[in-house]
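This report refers to the structure that appears directly beneath it.
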Amino acid sequence: MATSAIGPGFITQTATFTAQLGAAFAFAILASVLIDFAVQMNIWRMITVSGKRAGDLANSALPYSGHVLGVLIIIGGLAFNIGNIAGGGLGLNALLGLDPKIGGLLTGLLAIGIFLFKRAGRVVDIVVMVLGIGMIVMTVAVAIASQPPVGDALRQTFVPDELNFATITTIVGGTVGGYITYAGAHRYLESGLVGPDHVQGVHRASMQGILVTGVMRYVLFLAILGVVASGVTLDLSGQAANPAGQAFGVVLGDAGLRIFGFIFWAAAITSVIGAAFTSATFMSVFSKRLASGWPLQLATVAFIVVSLIVYLLIGTAPAAILVFVGGFNGLILPIGLAIFMYIGWFRQRDVLGGYRYPRWLLIVGTLATLLSLYMGIMSIGPIFAFLGVGV
């Protein structure tokens, strides 16, 4: 879940909103982390206790609600994957100077190849782990070197000068929206660690995943804030705009920009594969033949191909796409949450096999559902404005 969340969208959203809001973005990070905890702890626990994938679990409680959830996740996953391919284009632009469209095309084609050849995928997994550590080290180095106004950031973490619901909705969607919400829980199912006996392990894992993403976002925020506070203006709208890459380039120079581009591209290509595969697993709600094997592989490849074609056809700048997809998935998040809260409150005896669900988790989950719904309603216009679309 953490590696799915810390992708090109996560990085670009953080850089964009830091450039726009300054230190006030710190409050949005805190709010998003609290919502993320409520979402992940509930959904992971219910899926693990039941031993069913999200779509099947929803259908067992409300007929056809799993189909609705599947459609939303597939649409949201498609939006995510278009953004991930766009992120691959930005990464290769920073690394090699390639046109973002050409970089996106190469990223999509390579992702298909890696997915089809499993041995290549294992090598990439190892490389990405190393690059992930590299990204953390680079981000900490930039956060120290850029000398951000830490005192102001800490103050506005709790008392912000500006409150922006669209920002919170977008980064929540970019962290636990769409397929990301279910990626870790579905992985738990594949490992066989299901049933009430594994609840504590799931609880720890969900908390650790959110904690990792929250700390990483805050450190990245401080790194970008130091650059912005020094008077540097980041390009947020150009076709090759890469605000995080620009900030790293200001502090670490051309070499730092190119290293960042390589790491950014690696995060993008693995996110392309992860988003496509997890989204494709929801297709089994419509046909059990797509649950595993070659049918699932073909569905995943088709998902990447469609994402790639859409990306190549649209004219929106990649950075804008990466911000929008988080917001879009934040908008559809409350629908899936509402289904799971219904299961937790009213269907423990049959759907969850009589498991006594912690009432405090249901309360925080319900509050997160209502809050995310309210913020989504208030944020529809600003979120679609990221693409230049008025709503």
Side-chain angles (χ1 to χ4, degrees), residues 5-36 79-80 83 86-87 90 139 142-143 146 148-150 152-177 180 213-230 232-238 241-248 250 260 264 267 316-331 333 372 375-376 378-388:
I6 305 175
F10 175 100
I11 297 168
T12 303
Q13 292 157 18
T14 303
T16 299
F17 292 134
T18 302
Q20 292 175 344
L21 301 176
F25 182 52
F27 177 80
I29 295 175
L30 175 62
S32 72
V33 169
L34 295 177
I35 295 172
D36 293 348
F80 253 124
L90 284 181
T139 304
V142 173
S146 64
V150 176
D152 190 31
L154 288 175
R155 177 183 66 82
Q156 297 207 50
T157 299
F158 304 99
V159 186
D161 292 341
E162 178 180 354
L163 181 61
N164 189 309
F165 286 135
T167 298
I168 300 173
T169 300
T170 297
I171 62 175
V172 168
T175 307
V176 294
I180 298 176
T213 55
V215 171
M216 182 61 187
R217 193 186 291 276
Y218 202 85
V219 173
L220 180 60
F221 152 72
L222 289 176
I224 307 298
L225 180 64
V227 174
V228 173
S230 70
V232 175
T233 300
L234 303 179
D235 177 16
L236 303 177
S237 59
N242 188 345
Q246 295 167 46
F248 275 67
V250 167
F260 171 86
F264 193 83
T316 306
I321 297 174
L322 286 166
V323 175
F324 167 77
V325 295
F328 180 78
N329 279 280
L331 292 178
L333 176 64
S372 60
M375 291 192 304
M378 298 296 292
S379 306
I380 292 176
I383 285 171
F384 276 89
F386 292 136
L387 292 180

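Note: hydrogens, waters and symmetry copies are ignored here, and every other heavy atom, side chains too, is used. The structure presented is a predicted model; accordingly, all values stated were derived computationally and were not measured.
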Enter the distance from Thr18:OG1 to Leu220:CG here, rounded to the nearest 0.5 Å.
-> 7.0 Å
Using atom types as modelled, flag every donor-acceptor pair under 3.5 Å from a side chain in residues 8-16 to any protein atom, sequence neighbours excluded.
| from | atom 1 | to | atom 2 | distance (Å) |
| --- | --- | --- | --- | --- |
| Thr12 | OG1 | Pro8 | O | 2.9 |
| Gln13 | NE2 | Gly9 | O | 3.4 |
| Gln13 | NE2 | Leu322 | O | 3.0 |
| Thr14 | OG1 | Phe10 | O | 2.8 |
| Thr14 | OG1 | Arg217 | NH1 | 2.8 |
| Thr16 | OG1 | Thr12 | O | 2.8 |

For Ala153 and Ala26, which heavy atoms make the closest approach, and how far apart are they?
-> O-CB, 3.6 Å
What are the two closest non-hydrogen atoms of Ser146 and Ala223, and how far apart are they?
-> OG-O, 3.3 Å
Any chance you could lay out the side chain to side chain contact (heavy atoms under 4.5 Å, CB included) test for Thr170 and Phe17, step after step, and finish with the verdict?
-> CA-CA 10 Å; Thr170 297; Phe17 292 134; 3.7 Å; yes
Side chain to side chain donor-acceptor pair (under 3.5 Å) partners of residues 152-163, not counting sequence neighbours, each pair once | Asp152-Arg155, Asp152-Gln156, Arg155-Asp161, Gln156-Asp161, Thr157-Tyr218
Nearest-0.5 Å distance that lies between atom CD1 in Ile168 and atom CG in Leu34 = 10.0 Å
Test side chain to side chain contact (heavy atoms under 4.5 Å, CB included) applied to Ala229 - qualifying residues, sequence neighbours left out | Pro149
Minimum heavy-atom distance Asp235-Gln246, with the two atoms named = N-OE1, 2.8 Å
To the nearest 0.5 Å, how far apart are CG in Leu333 and CZ in Phe328?
-> 12.0 Å
Identify the heavy atoms of Thr167 and Ala28 that sit nearest to each other, and give their distance.
-> CG2-CB, 4.0 Å
Report yes if some heavy atom in the side chain of Phe27 is under 4.5 Å from a heavy atom in the side chain of Val159; otherwise report no.
-> no
Anything under 30° is parallel, anything over 60° is perpendicular, the rest tilted; go ahead and classify Phe25 against Phe221.
-> perpendicular
Pairwise side-chain contact, Leu236 with Val323, heavy-atom cut-off 4.5 Å (strictly under) | no
Of all heavy-atom pairs linking Leu331 and Gly376, the shortest is CD2-O, 3.3 Å
Minimum-distance pair of heavy atoms, taken over all atoms of Gly214 and Ile29 = O-CG2, 4.5 Å
